[in-house]
Number of protein chains: 2
Amino acid sequence: MSRSNPRVVSVLERAGGFASAQEVYRLMQREGESIGLTTVYRSLQSLVNDKIVDVLRREDGEAIYRLCGDTHHHHHLVCKSCGDTVEIEGGAIEKWAKTMAQEFGFRDVGHTAEIFGLCPKC
Amino acid sequence: MSRSNPRVVSVLERAGGFASAQEVYRLMQREGESIGLTTVYRSLQSLVNDKIVDVLRREDGEAIYRLCGDTHHHHHLVCKSCGDTVEIEGGAIEKWAKTMAQEFGFRDVGHTAEIFGLCPKC
DNA sequence: ATGGAAATGAAAATCATTTTCATTTGTGCT
DNA sequence: AGCACAAATGAAAATGATTTTCATTTCCAT
Ligand SMILES: [Zn+2]
Ligand SMILES: [Zn+2]
Ligand SMILES: [Zn+2]
Ligand SMILES: [Zn+2]
């Protein structure tokens, strides 16, 4: 069931930042790669399952994907103009989440935390 | 342009936790309230603009809304079973975001940070 | 009462994502 | 090579949330 299509991985590598399924599809088309949109969706989903790719949501709700260097839990500093992304540690967040959960008696907790802004180049 | 429909506000008040536009609509129908789905969407949007309502995204991308007690910047501790929500301060997060942005030269930054888990009752 | 602005909602349009299903491709076996 | 069967592919249709259009209704000030 390994649908981690290497051609999709390659596009994500070159993209660098986060990209939506539709964008990945358009990119591949522009480069003359023949692929179906369905396959792009399936490949991305598979990569997310394998924790090779991270997925976030744009403000409008569209899912965006990124091939991350670290397969362990981490957070992101994303440029909202060019999409450039830095993977960052969330030490303070992990602690904060744990503390808050404890304080209010919540169990089995997870969290999300991302930072959006303009990178030095933009 | 104040489309902050009081009937929609009332439903959100009773709902307590986060609810999607479709859910708000269904709730009002069940209670015999006559309202159009379009109006529900417009009212929620207006409430978000006025910072009276917070909006998050479910994992599937659907937008969910909540009438929050504090109109200032804050974060949430959400029960993924019953939807019960606690508004929490993010002192540590604010600092973390600022520090990270500075370290990598990002300007004009914002952030998201929410905690999901099971509340004491669930 | 009258006129114009704002609000409303039904229906259509949009758009990302998923599902269906027929076809193609890959792999091991003879 | 020839065959069988599983996995992968993709076009087209279906789904579902959200937005847009546009005609009608409700409000308000004069
Ligand atoms: Zn990442
Ligand atoms: Zn974390
Ligand atoms: Zn809130
Ligand atoms: Zn914050």
Side-chain angles (χ1 to χ4, degrees), chain A residues 1-12 15 17-67 78 80 83 112 114 116, chain B residues 1-12 15 17-67 78 80 83 112 114 116:
Chain A
M1 212 234 276
S2 168
R3 282 163 154 163
S4 299
N5 194 315
R7 294 194 295 150
V8 170
V9 171
S10 166
V11 174
L12 285 178
F18 281 91
S20 71
Q22 302 279 350
E23 285 166 355
V24 167
Y25 176 65
R26 276 180 233 126
L27 275 172
M28 294 181 78
Q29 296 244 300
R30 244 175 256 148
E31 295 174 6
E33 298 243 20
S34 168
I35 195 170
L37 182 56
T38 314
T39 302
V40 171
Y41 272 103
R42 278 194 285 239
S43 303
L44 288 172
Q45 207 165 281
S46 170
L47 287 163
V48 169
N49 284 343
D50 296 349
K51 299 195 193 309
I52 294 167
V53 157
D54 279 345
V55 55
L56 295 184
R57 294 269 167 192
R58 290 231 172 91
E59 288 217 15
D60 67 356
E62 189 177 3
I64 50 179
Y65 307 84
R66 178 172 188 268
L67 196 62
V78 187
K80 51 192 173 190
T112 66
E114 316 294 336
F116 301 91
Chain B
M1 213 232 275
S2 168
R3 281 162 155 165
S4 299
N5 195 316
R7 293 194 294 151
V8 170
V9 171
S10 166
V11 174
L12 285 179
F18 282 90
S20 71
Q22 303 280 351
E23 284 165 354
V24 168
Y25 176 66
R26 276 180 234 127
L27 274 172
M28 294 181 77
Q29 296 244 299
R30 243 175 260 148
E31 294 175 7
E33 298 243 20
S34 168
I35 194 168
L37 183 55
T38 315
T39 302
V40 171
Y41 272 103
R42 279 195 285 240
S43 303
L44 289 171
Q45 208 164 280
S46 168
L47 287 163
V48 169
N49 284 341
D50 297 349
K51 300 196 192 309
I52 295 167
V53 157
D54 279 345
V55 54
L56 295 184
R57 294 268 167 192
R58 291 231 172 90
E59 288 217 16
D60 67 357
E62 190 176 3
I64 50 178
Y65 307 85
R66 179 171 187 269
L67 197 63
V78 187
K80 52 192 173 191
T112 66
E114 316 296 335
F116 301 91

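Chain letters run A, B, ... following the sequence lines, proteins first and then strands; every chain starts at 1. Every heavy atom of this structure was used, including side-chain atoms; hydrogens, water molecules and symmetry mates were not.
For A:L44 and D:dA8, the CG to P distance is 16 Å, given to the nearest whole Å. Rounded to whole Å, the distance from CD on B:E62 to P on D:dA17 is 6 Å. Between the C1' atom of D:dT15 and the CG atom of B:D60 lies a distance of 13 Å, rounded to the nearest Å. Here D:dG16 presents its P atom at 13 Å from OH of B:Y41, a figure rounded to the nearest Å. Rounding to whole angstrom units, CD of residue B:E59 and C1' of C:dT17 are separated by 16 Å.
A:R3 places no side-chain N or O within donor-acceptor distance of the main-chain N or O of A:T39, the cut-off being under 3.5 Å. Proximity of a side-chain donor or acceptor of B:R66 to a complementary backbone N or O of B:L12 within less than 3.5 Å is not detected.
Within 6.0 Å of the CD atom in B:E33, the count of heavy atoms belonging to other residues, nucleotides or ligands exceeds 12.
Considering only residues two or more places apart in sequence or on other chains, A:S10 meets the side chain to side chain donor-acceptor pair (under 3.5 Å) condition with A:R14. A:Q29 is linked by a side chain to side chain contact (heavy atoms under 4.5 Å, CB included) to A:Y25, counting only residues two or more places apart in sequence or in another chain. Contacts of A:E114 classified as salt bridge (charged side-chain N to carboxylate O under 4.0 Å, His left out), with partners at least two apart in sequence or in another chain: none. Among residues two or more places apart in sequence or in another chain, the side chain to side chain donor-acceptor pair (under 3.5 Å) test is passed with A:R26 by none.
Contacts of B:Q45 with the nucleic acid, taken as non-hydrogen atoms under 4.0 Å apart, involve only primed sugar atoms and P, OP1 or OP2.
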Problem set entry | Nucleic acid footprint by protein, nucleotides 8-15 of chain C - heavy-atom cut-off 4.0 Å, B for base, S for sugar-phosphate alone | BBBB----
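One axis for each end of the helix from C:dA1-D:dT30 to C:dT30-D:dA1, each built from five base pairs, and the angle between them comes to 20° at 10° resolution.
The two residues B:S20 and B:R58 come nearest to each other via the heavy atoms CB-NH1, 4.2 Å.
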